[in-house]
J.: 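Below are the C-alpha cells for one structure; questions will follow.
The chain is numbered in sequence order, starting from 1. All values below come from the heavy atoms of this structure, side chains included, with hydrogens, waters and symmetry mates left out.
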Amino acid sequence: MNSPLQTDLYQLTMAAAYWRAGKHEQRSVFHLFFRKAPFKGSFAIAAGIQPAIEWLQDFKFSADEISYLGQLRTANGQLLFEPEFLKYLTDLELDLDVHGMPEGSLAFPHEPILRIEGPILHAQLVETALLNLVNFSTLIATKAARICSAAEGDPVLEFGYRRAQGPDGGLLASRSAYIGGCVGTSNVLAGQKYGIPVKGTHAHSWIMSFDDELEAFQTYANAMPDNSTLLVDTYDTLAGVEKAITVGKELRNNGHELSGIRLDSGDLAWLSQEARKRLDAAGFDQVKIVASNDLDEEIIETLKQQGAKIDIWGVGTNLVTAADQPALGGVYKLAALQETDASWSPRIKRSEQAAKSSIPGRLQVLRYEEDGTYLGDAIIDIDDPLPDLMEITSPDNSLQQKTIPQNAISKELLQPLMVSGEVQGTLPDLDTIRARVADELTKLPKSSQRLKKPHIYPAGLAPSLNQRRTEMLTNVKS
C-alpha cells in the first residue's frame with residue numbers, strides 16, 4: 001500500500017517549517033541522481049520509475065494518517081504539528097512536474113534520473129519514497145544486467161525471493177531483475193503481478209522425503225512430465241545424473257522429454273562437463289544443465305572461462321540483495337528556486353569532496369550518438385543556450401574533458417512523466433522496459449561494460465553549466 005508516511009520524519013518537520021515560514025508554495029527544482037556507479041562499474045540501469053510515478057499518483061493523506069501525526073509530541077510533551085498544518089496536509093494534492101529518464105535507460109554518475117519541479121513543500125515530502133523506490137530498483141536492475149552480461153547470452157533465472165529483504169523488497173527485486181535481463185523468476189507473485197515468466201524445479205526435501213532417489217525422480221516426473229528438471233546433487237551428483245537419465249528414458253517412452261538437471265553444489269565446472277558427457281552419450285543432448293549455488297557475475301565469468309557446460313544460470317541471494325553493494329548512493333538535492341519575478345535562482349551544495357558538491361540549475365541530459373554508438377552525455381541547464389561545440393567536463397575532475405563531434409546526433413533523456421500532478425501518456429509495460437535495456441546496452445561501448453576496470457563513459461557538464469558551478473563553488477555563502 002502506498003502512503004505519504006513512507007517518509008522520514010524530517011521531511012514532515014521541514015514541511016511544517018516551510019508552511020509556518022510562508023515558503024511552502026515557492027516553486028523549486030530537485031534532482032534525483034547517484035554520484036558513483038555501483039559495483040565498481042561505469043553505468044547503472046535507471047529503474048523504479050514506474051513504481052515511483054504510481055506512488056506519486058496515490059499520494060493523499062488519509063484520516064488515520066493525519067490522526068497519527070496529530071498524536072506525535074516533542075521531547076517536552078508539546079504537539080509536534082499544529083492542527084492548522086495537519087488541516088493543510090489533509091487537503092494537499094500534489095502539484096508536481098516530473099521529468100525522468102525512460103525506465104530502462106542507461107544512467108551515469110551525476111545525471112538526474114528524475115527532475116522534480118513544484119512547490120517546495122510538495123517536492124520535499126516525496127524525497128524519501130522516490131529515493132527508496134529508484135535506488136533499490138536501479139541497483140538490482142544493474143546487478144542483473146552485469147550477471148546477464150557474464151552469462152554471454154545464456155538464460156538467467158532470478159531465484160532469490162526467499163533471501164530478499166522482505167516481501168516488498170523481493171517483489172521489486174524480481175521486477176528489476178527481469179528489467180535487467182533475467183528471463184524468469186521463481187517468485188510466483190511477481191509472475192502474477194508483473195507478467196514475468198515463472199520457473200522452478202524442486203528442492204532437496206523432495207528427494208529426502210523418499211527412501212530412494214530414483215523413486216523420487218520418477219514420482220516427480222510422473223506428476224510433471226513436461227516440466228521435469230531434476231535436482232541431482234542431494235547425495236552423489238554423478239550418480240544422480242545417471243538416475244536422471246533413467247527417468248529421461250522412461251519419459252521418452254511415454255511421449256515426453258526430460259527438461260533438465262540442476263546442479264546446486266560442488267565443482268560446477270567439472271560436474272557440468274561430466275554431466276554433459278553422460279547426457280549426450282545417452283542421447284539427451286537437448287537436456288539443459290541448470291546451475292545455482294550462490295552465483296554472481298564474477299563466478300559465472302570464471303565458470304565460463306573454465307569451460308563449464310551450463311545452459312541456464314539460477315541466481316538468487318547475490319542478485320536480489322546486491323550482496324557486494326547492498327545500496328545505491330542515490331541522492332535528492334535542491335537545485336533551483338523561483339523568485340517573485342518568476343526567474344530561477346540556482347542553488348548549490350558545496351563539499352570538501354568535489355563529487356559531493358551538487359550541480360545547480362534546472363537540468364537536462366543530452367545523449368550523443370554516432371553510427372549506433374553512444375559517445376557521451378552532456379548535463380545542461382535548460383535555461384542556457386547550447387554551444388556550437390559541446391565540450392563536457394567531469395563534475396569530479398575538471399581536467400577530464402571531452403569534445404563531442406559536431407556531426408553526432410543527440411536526444412533529451414528527461415521526458416515529461418507528470419505535469420501538475422497528472423501522469424503524461426501511458427506507462428510502458430515491463431517487456432518494453434526490458435527491451436529498452438537490451439537496446440541501450442548494444443549502443444554502449446564494450447569497454448564501458450567490462451565487469452572489472454571498465455572504461456569510464458564520458459558524462460559531464462556543458463561549458464556554461466560548468467562555469468556557473470565553478471563560480472558558485474568559489475563564491476557560495478556559508
J.: Would you mind checking if Glu301 and Lys304 are paired as a salt bridge, meaning a charged N to carboxylate O distance below 4.0 Å?
T.: no
J.: Should Asn254 and Leu251 be marked as a side chain to side chain contact (heavy atoms under 4.5 Å, CB included) after you check the CA-CA gap, both sets of side-chain angles, and the distance that decides it?
T.: CA-CA 5 Å; Asn254 291 319; Leu251 281 168; 6.0 Å; no
J.: Please check if atom NZ in Lys309 has more than 12 non-hydrogen atoms from other residues, nucleotides or ligands closer than 6.0 Å.
T.: no
J.: Anything under 30° is parallel, anything over 60° is perpendicular, the rest tilted; go ahead and classify Phe59 against Trp55.
T.: perpendicular
J.: On the six-membered ring of Tyr374, is Arg367 placed so that its NZ or CZ lies under 6.0 angstrom from the centre and within 45° of the ring axis?
T.: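 Relative to the ring axis of Tyr374, which defines the angle, Arg367 lies inside both limits.
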J.: Do we get Arg252 above Phe284's six-membered ring, with its NZ or CZ under 6.0 Å from the centre and within 45° of the axis?
T.: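 Satisfied, under 6.0 Å and within 45°.
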J.: If we only count heavy atoms from C-beta on, is the Ile207 to His202 side-chain gap below 4.5 Å?
T.: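 Sidechains of His202 and Ile207: in contact.
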J.: So do Ile289 and Leu279 actually touch side chain to side chain, heavy atoms under 4.5 Å?
T.: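 Leu279 reaches Ile289 side chain to side chain.
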J.: Would you call the rings of Tyr457 and Phe108 parallel, tilted or perpendicular, taking 30° and 60° as the class edges?
T.: parallel
J.: Between Asp285 and Arg276, is there a salt bridge with N-O shorter than 4.0 Å?
T.: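 A salt bridge is absent here (no side-chain N lies under 4.0 Å from a carboxylate O).
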J.: State, yes or no, whether a side-chain contact exists between Ile49 and Pro102 at a heavy-atom distance under 4.5 Å.
T.: no
J.: State the CG-OG distance between Asp439 and Ser105, to the nearest 0.5 angstrom.
T.: 10.0 Å
J.: If the threshold is 4.0 Å, N to carboxylate O, is there a salt bridge linking Glu111 and Arg35?
T.: no
J.: Of the options Asn318, Leu319, Leu303, which is the one that meets Leu295 in a side chain to side chain contact (heavy atoms under 4.5 Å, CB included)?
T.: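 Answer to the side chain to side chain contact (heavy atoms under 4.5 Å, CB included) test with Leu295 among Asn318, Leu319, Leu303: Leu303.
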J.: On the ring face of Phe33, is Lys333 found with NZ or CZ under 6.0 Å from the centre and within 45° of the axis?
T.: no
J.: Checking side-chain polar atoms at under 3.5 Å, does Glu127 have a donor or acceptor matched by the opposite partner on Gln124?
T.: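 Gln124 and Glu127 do have a side-chain donor-acceptor pair below 3.5 Å.
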J.: If you count heavy atoms of other groups shown closer than 6.0 angstrom to CZ of Arg450, is the number above 12?
T.: yes
J.: What distance separates Tyr235 OH from Glu213 CD, expressed to the nearest 0.5 Å?
T.: 7.0 Å
J.: Hey, are the side chains of Lys443 and Thr373 touching, using non-hydrogen atoms and a 4.5 Å cut-off?
T.: no
J.: Identify which one of Val98, Val29, Leu417 satisfies the side chain to side chain contact (heavy atoms under 4.5 Å, CB included) criterion when paired with Arg115.
T.: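 Testing Arg115 for a side chain to side chain contact (heavy atoms under 4.5 Å, CB included) against Val98, Val29, Leu417 leaves exactly one candidate, Val29.
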J.: Quick check: closest heavy atoms across Thr7 and Thr128, and the distance to 0.1 Å?
T.: OG1-OG1, 3.6 Å
J.: Salt-bridge test for Arg362 and Asp381: reply yes if a basic N is under 4.0 Å from a carboxylate O, no otherwise.
T.: no
J.: Please check if any side-chain donor atom of Thr219 sits under 3.5 Å from a side-chain acceptor atom of Asn222, or the reverse.
T.: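 No, because no side-chain N or O of Thr219 sits under 3.5 Å from a partner of the opposite role on Asn222.
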J.: Can you check side chain to side chain contact (heavy atoms under 4.5 Å, CB included) on Ile382 and Glu412, steps first, answer last?
T.: CA-CA 11 Å; Ile382 62 175; Glu412 294 186 346; over 6 Å; no
J.: Does a donor on one side chain sit under 3.5 Å from an acceptor on the other, for Arg262 and Thr201?
T.: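 The answer is yes; a qualifying pair exists.
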J.: I want to check something: taking the side chain as every heavy atom from C-beta on, are Val423 and Ile53 in contact at a cut-off of under 4.5 Å?
T.: yes
J.: Flag the pair Arg278 and Glu242 as a salt bridge only when some basic side-chain nitrogen lies within less than 4.0 angstrom of an acidic carboxylate oxygen.
T.: yes
J.: To the nearest 0.5 Å, what is the distance between CZ on Phe159 and OG on Ser292?
T.: 7.0 Å
J.: At their closest point, which heavy atom of Ala244 faces which heavy atom of Leu258, and how far apart are they?
T.: O-CD2, 3.6 Å
J.: Quick one: do Arg468 and Asp384 make a salt bridge, cutoff under 4.0 Å?
T.: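 Salt bridge between Arg468 and Asp384, a charged N being under 4.0 Å from a carboxylate O: yes.
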J.: Any non-hydrogen side-chain atom of His455 less than 4.5 Å from a side-chain atom of Gln449?
T.: no
J.: Could you walk me through whether Tyr161 and Val320 pass the side chain to side chain contact (heavy atoms under 4.5 Å, CB included) check?
T.: CA-CA 7 Å; Tyr161 188 65; Val320 301; over 6 Å; no
J.: How about Asn132 and Gln6: does a side-chain donor come under 3.5 Å of a side-chain acceptor?
T.: no
J.: Please check if the number of heavy atoms outside Lys411 that lie under 6.0 Å from its NZ is greater than 12.
T.: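 Count over threshold, so yes.
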J.: Within a strict 4.5 Å, meaning less than it, do heavy atoms of the Ile379 and Ile359 side chains meet?
T.: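 Contact flag for Ile379/Ile359 side chains = yes.
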J.: Flag the pair His204 / Asp233 as yes when at least one side-chain heavy-atom distance between them is below 4.5 Å, and no otherwise.
T.: yes
